[in-house]
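These numbers were taken from a predicted model, which means no experiment stands behind them. Residues: numbered from 1 along the sequence shown.
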Amino acid sequence: MAFIPPPTGSHNMTPAWAAEAIPPVGYLSRKALPIKRQDAEPLTREDVQYDLLHYLFTDNHAVFTNPLSPKSSKKMTFSDLYVSTLVNSSKCSKVLKEKMVETPDFSIEFAKISLLTNVGRINTTMAFFPEMKTALRTYHPVPSLQKTDGNAQDAPRIKNCLKAAVLPSEFKTIPPSTPEEVLAKLREGQRPSTSVVNVIFVLANHAAVSVHFDGNLNFLDLFLPNTRFASADRGRAFLWLLYHYLENENPPNPFDDEHSASHPGKIPYLRKLSTAEYQRENVDTPEEIQWGNMMSNERNLFLQRLVTSSDEKKSRSGAPHFIQPHKIVGLPTLKRKMAPCLNVSVLIPLCLSLSVLTHRPGAWRLALQTDPSADSDDEMTDQYTRLDYSKLSSNP
């Protein structure tokens, strides 16, 4: 692959880490970043970039400082560092923490979904348990990352866990929020400079600045499928960046290759895949496809029961039903009339998939009757959250 240097003198036009900088060609808009699927549609291996995640969580370079024992000579792999950071987050519930400690496979699966949330591929409109009722979220099975029992969180809870994952020294201070601030901590002798979760947030938020990249790529492109670079190469580049900002900005970097070693400050070489090579990466197994379809059906059955239950309650109370979809003259008119009480333009597209709205008229009533401000705390959540709540209720 030919590397194209940035235009001469361009670095003098704006600050090196300007958050508002316009990204180059590779990553044109944040709208392309989140995975977008209809309700009940599984997330495939290609969606989550499974091979990239597998590379990151099986890499055996123990080169990262333990944030809880920074003076210890024993280093950690990225996998151990990331899982440990999640477990020690103040927003990681006791039950979830116990599950992660007791079941290492579960902790890795949860960490992979958390990393996707960390970089913005999974946004807070997603949930991963079929009993989800909150209208502003959609359910998605993730067959490749839900092979153990219990991986059924929702993105808002994961995001809260991530935001609370800070270093002990950052509990009463503001963590660094720009790449320059992170490097300043390193230059002051602080290792790690910040938490691994925070440095990923920082790099994602400042991805438009691609001083470590050649050509038309930046940090977030490492997690996008359409860049078509080898998963292992992208994984190595990601780990190179983490070491550069968490441990030492000066060479050598343990994730160096010939290209990065001879070009200080640049990530390792990214190899472009041929069409045949690209098609061999991130291939869903037959078992995963079957499980994803099964969970999609389970979600649809749950929605049917929910609509039926809602209809029965309305019938018993004698309250009038909402009008059927075929009687609605025009959705814009409906929006205007309902605007004071419900933001229908946001509520309907996100509460149920298009197929549900098309084939199940009762789903319109469910959509219109759902409180858009309701949080997932009102839902039949996963078994671990339910256990948390039961413990809380029994110990007022």
Side-chain angles (χ1 to χ4, degrees), residues 48-119 121-122 144-148 150-151 153 158-159 161-171 175 182 185-186 190-204 222-223 231-232 234-248 252-256 268 384:
V48 302
Q49 288 296 284
Y50 178 87
D51 287 1
L52 167 65
L53 297 175
H54 179 75
Y55 179 93
L56 294 175
F57 285 89
T58 57
D59 181 83
N60 59 8
H61 287 81
V63 297
F64 295 101
T65 301
N66 184 344
L68 301 180
S69 302
K71 295 183 178 180
S72 173
S73 60
K74 187 176 181 180
K75 301 295 183 179
M76 308 176 76
T77 64
F78 167 74
S79 178
D80 291 340
L81 174 64
Y82 200 83
V83 170
S84 173
T85 301
L86 294 177
V87 168
N88 288 286
S89 168
S90 61
K91 293 295 185 179
C92 181
S93 72
K94 180 181 178 182
V95 176
L96 176 60
K97 185 179 299 186
E98 290 174 351
K99 178 67 176 178
M100 292 178 71
V101 172
E102 294 170 359
T103 312
D105 288 344
F106 167 77
S107 69
I108 296 297
E109 290 179 350
F110 180 71
K112 289 176 178 179
I113 290 182
S114 298
L115 178 57
L116 293 175
T117 309
N118 207 166
V119 299
R121 283 289 281 160
I122 287 178
S144 63
L145 301 182
Q146 289 184 297
K147 294 184 182 295
T148 62
N151 194 350
Q153 301 292 304
I158 295 173
K159 191 71 172 286
C161 181
L162 291 169
K163 287 182 176 180
V166 297
L167 297 181
S169 61
E170 295 173 339
F171 287 156
V182 173
K185 294 288 186 182
L186 270 185
Q190 178 176 310
R191 285 180 179 76
S193 54
T194 186
S195 75
V196 63
V197 165
N198 185 53
V199 80
I200 293 171
F201 275 136
V202 169
L203 293 175
L222 297 176
F223 290 86
S231 295
R234 287 182 285 137
R236 184 173 187 168
F238 174 80
L239 295 175
W240 186 97
L241 286 164
L242 293 192
Y243 186 87
H244 180 89
Y245 284 95
L246 289 174
E247 300 290 334
N248 196 338
N253 185 309
F255 301 100
D256 273 331
Y384 305 106

Legend entry - Given F57, F223, Y82, the one that forms ring pair (Phe, Tyr, Trp, His ring centres under 6.0 Å) with F238: F223
Inset, instruction - With sequence neighbours left out, write down each residue that passes ring pair (Phe, Tyr, Trp, His ring centres under 6.0 Å) with F64, or none if nothing qualifies. - result: none
Legend entry - Sequence-distant partners of K75, side chain to side chain donor-acceptor pair (under 3.5 Å), two or more places apart: T65
Inset, instruction - Give a yes or no answer on whether the side chain of S193 reaches the backbone of Y245 with a donor-acceptor pair at less than 3.5 Å. - result: yes
Inset, instruction - Only counting residues at least two apart or in another chain, list the ones meeting side chain to side chain donor-acceptor pair (under 3.5 Å) with S89. - result: none
Inset, instruction - Not counting sequence neighbours, which residues clear side chain to side chain donor-acceptor pair (under 3.5 Å) with Y50? List them please. - result: none
Legend entry - Non-neighbouring partners of D80 that pass side-chain contact (heavy atoms from CB on, under 4.5 Å), sequence neighbours left out: M76, T77
Inset, instruction - Output all residues satisfying ring pair (Phe, Tyr, Trp, His ring centres under 6.0 Å) with F201, sequence neighbours left out; order by chain, then residue number. - result: none
Inset, instruction - Please identify each residue that fulfils side-chain contact (heavy atoms from CB on, under 4.5 Å) with L167, with sequence neighbours left out. - result: P67, S169, E170, Q190, P192, S195
Inset, instruction - With sequence neighbours left out, write down each residue that passes side chain to side chain donor-acceptor pair (under 3.5 Å) with D59, or none if nothing qualifies. - result: H61
Inset, instruction - Taking the side chain as every heavy atom from C-beta outward, state whether C92 and L86 have any pair of such atoms under 4.5 Å apart. - result: no
Legend entry - Any donor-acceptor N/O pair, E109 side chain to K147 backbone, under 3.5 Å: yes
Inset, instruction - Would you check if the side chain of R236 reaches a backbone N or O of F255 as a donor-acceptor pair within less than 3.5 Å? - result: yes
Legend entry - Option from L241, L162, N118, T194 for which side-chain contact (heavy atoms from CB on, under 4.5 Å) with I200 holds: N118
Legend entry - Any residue meeting side-chain contact (heavy atoms from CB on, under 4.5 Å) with A232, in chain and number order, not counting sequence neighbours: Y55
Legend entry - Side chain to side chain, N248 and N253, heavy atoms closer than 4.5 Å: no
Inset, instruction - I would like to know whether Q49 and R121 meet side chain to side chain donor-acceptor pair (under 3.5 Å); could you show each step before the answer? - result: CA-CA 10 Å; Q49 288 296 284; R121 283 289 281 160; over 6 Å; no
Inset, instruction - Using side-chain contact (heavy atoms from CB on, under 4.5 Å) as the criterion, list what pairs up with T103, not counting sequence neighbours. - result: K99, F106
Legend entry - By ring pair (Phe, Tyr, Trp, His ring centres under 6.0 Å) - contacts of Y243 (at least two apart): none
Inset, instruction - Determine yes or no for a side-chain-to-main-chain donor-acceptor pair under 3.5 angstrom, with D51 supplying the side chain and S231 the backbone. - result: no
